[in-house]
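Here the structure is laid out as structure tokens; the discussion comes afterwards.
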Amino acid sequence: MTTDITANIAKLKEIIEPIKICMFTTIDNEQKINSRPMTTIKIADDGDIWFFTNDYSVTIQEVSKDNTVDLIYSDPGLNSYAHIRGSSSVVLRKEKIRELWHPMLKAWFPLGVDDPKLCLIKVSLKEASYWNASSNKMINFFNILKAIATKEVYHDGEHGKMKVK
């Protein structure tokens, strides 16, 4: 991995790791967009993002037909947002499932790592956009008022696009 890509992945991890839940977006057979909230299990150092799901779900049906997915992360409290596009693959390897397993997942998969419905989705990143205003709401509000008073355009933090693979 090149230094730029490594830095881009580190920046993206910094933004999305605190958010945890994203809108996982796919395209169905009728070319309609479907989104559902999914918990991010892990963001690997190589940029792969991991999710647990039911192997018999609509999500799996849709990613099996068109493996391009979009992940939308949003935390207005942190002023952090990201849109990620990647290619997905279904992973059934028990050793990877065991590695990423967390006991809280028993709420959805009561049989644990041996649940026959349990699988992973790996999203390999292609590109991402992010918006991050790390200042708190009061500072942002002050900066908005300052922009109005000085008739300058308000700039609300960093925005960037990145290629990650």
Discussion item. Working note: R36 + T26, criterion side chain to side chain donor-acceptor pair (under 3.5 Å); need CA distance, chi angles, decisive distance, verdict.
Written reply: CA-CA 9 Å; R36 78 276 297 148; T26 56; 3.0 Å; yes
Smallest separation among heavy atoms of [X] and [Y], with atom names:
X: N54; Y: S57; value: O-OG, 2.8 Å
X: I16; Y: I84; value: CD1-CD1, 3.7 Å
X: G77; Y: D75; value: N-OD1, 2.9 Å
X: C119; Y: I97; value: CA-CD1, 4.4 Å
X: W50; Y: A44; value: NE1-CB, 4.4 Å
X: T25; Y: S35; value: OG1-OG, 2.8 Å

Any side-chain heavy-atom pair from [X] and [Y] closer than 4.5 angstrom?
X: K122; Y: I49; value: no
X: T59; Y: I121; value: yes
X: L118; Y: F52; value: yes
X: H83; Y: D70; value: yes
X: T68; Y: K126; value: yes
X: R98; Y: D114; value: yes

Worksheet item: Would I60 and V90 satisfy side-chain contact (heavy atoms from CB on, under 4.5 Å), going step by step from the backbone distance to the final call?
Response: CA-CA 8 Å; I60 294 299; V90 179; 3.8 Å; yes
Practice prompt. Evaluate the criterion ring pair (Phe, Tyr, Trp, His ring centres under 6.0 Å) for residue pair F24 and F51; output intermediate values, then yes/no.
Written response: CA-CA 10 Å; F24 190 104; F51 302 89; 5.2 Å; yes
Discussion item. Test question: given the 4.5 Å side-chain rule for I, L, V, M, F, W and Y, name all other residues clustered with I72, or answer none.
Written reply: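 M23, which link up through side-chain heavy atoms under 4.5 Å apart, make up the rest of the cluster.
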Nearest-0.5 Å distance that lies between atom [atom1] in [X] and atom [atom2] in [Y]:
X: T39; Y: K20; atom1: OG1; atom2: NZ; answer: 9.5 Å
X: L125; Y: L71; atom1: CG; atom2: CG; answer: 7.5 Å
X: I21; Y: Y73; atom1: CD1; atom2: OH; answer: 10.0 Å
X: I9; Y: D48; atom1: CD1; atom2: CG; answer: 8.0 Å
X: F109; Y: T53; atom1: CZ; atom2: OG1; answer: 5.5 Å

Item to complete: Decide whether I19 and V123 are clustered together by the hydrophobic rule: side chain heavy atoms of Ile, Leu, Val, Met, Phe, Trp, Tyr closer than 4.5 Å, transitively.
Response: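 In one cluster with I19: V123, yes.
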Item to complete: Find out if a path of hydrophobic residues (ILVMFWY) with successive side-chain heavy-atom gaps under 4.5 Å connects V91 to V69.
Response: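 No, V91 does not connect to V69 through the hydrophobic network.
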Fill in: Any donor-acceptor N/O pair, S88 side chain to N67 backbone, under 3.5 Å
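The answer is yes, because a donor-acceptor pair under 3.5 Å joins these two groups.
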Worksheet entry | CD1 (I33) with more than 12 external heavy atoms under 6.0 Å |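 No, not enclosed.
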Discussion item. For the residue pair R85 / S129, report whether a side-chain donor-acceptor contact shorter than 3.5 Å exists.
Written reply: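 The criterion, which ignores hydrogens and geometry beyond distance, is not satisfied for R85 and S129.
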Worksheet item: Applying ring-ring contact (aromatic ring centres under 6.0 Å, His included), which residue pairs with at least one partner in residues 110-129 are found, sequence neighbours left out?
Response: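 For residues 110-129, and leaving out neighbouring residues, there are no ring-ring contact (aromatic ring centres under 6.0 Å, His included) pairs at all.
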Discussion item. Between K65 and N29, does the side-chain contact (heavy atoms from CB on, under 4.5 Å) criterion hold? Intermediate values first, please.
Written reply: CA-CA 8 Å; K65 289 187 172 79; N29 287 340; 2.8 Å; yes
Item to complete: Evaluate side-chain contact (heavy atoms from CB on, under 4.5 Å) for K32 paired with I27, printing each intermediate quantity in order.
Response: CA-CA 5 Å; K32 292 182 183 171; I27 305 291; over 6 Å; no
Worksheet item: Step by step, would you call L12 with E17 a side-chain contact (heavy atoms from CB on, under 4.5 Å)?
Response: CA-CA 8 Å; L12 199 57; E17 276 184 335; over 6 Å; no
Item to complete: Answer yes or no: is there an ion pair linking E99 with K94, defined by an N-O contact shorter than 4.0 Å?
Response: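 Result for this pair is no, no salt bridge flagged.
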Worksheet entry | Presence of salt bridge, K13 and D45, under 4.0 angstrom |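 Looking at K13 together with D45, the answer is yes, because their closest N to O distance falls below 4.0 Å.
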Worksheet item: Can you name the side chain to side chain donor-acceptor pair (under 3.5 Å) partners of S80, sequence neighbours left out?
Response: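 S80: side chain to side chain donor-acceptor pair (under 3.5 Å) contacts with N132.
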Discussion item. Check for me whether K117 meets the cation-pi criterion with W108, that is, NZ or CZ under 6.0 Å from the six-membered ring centre and within 45 degrees of the ring axis.
Written reply: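 Judged by the rule (NZ or CZ under 6.0 Å from the ring centre, within 45° of its axis), K117 is not positioned above W108.
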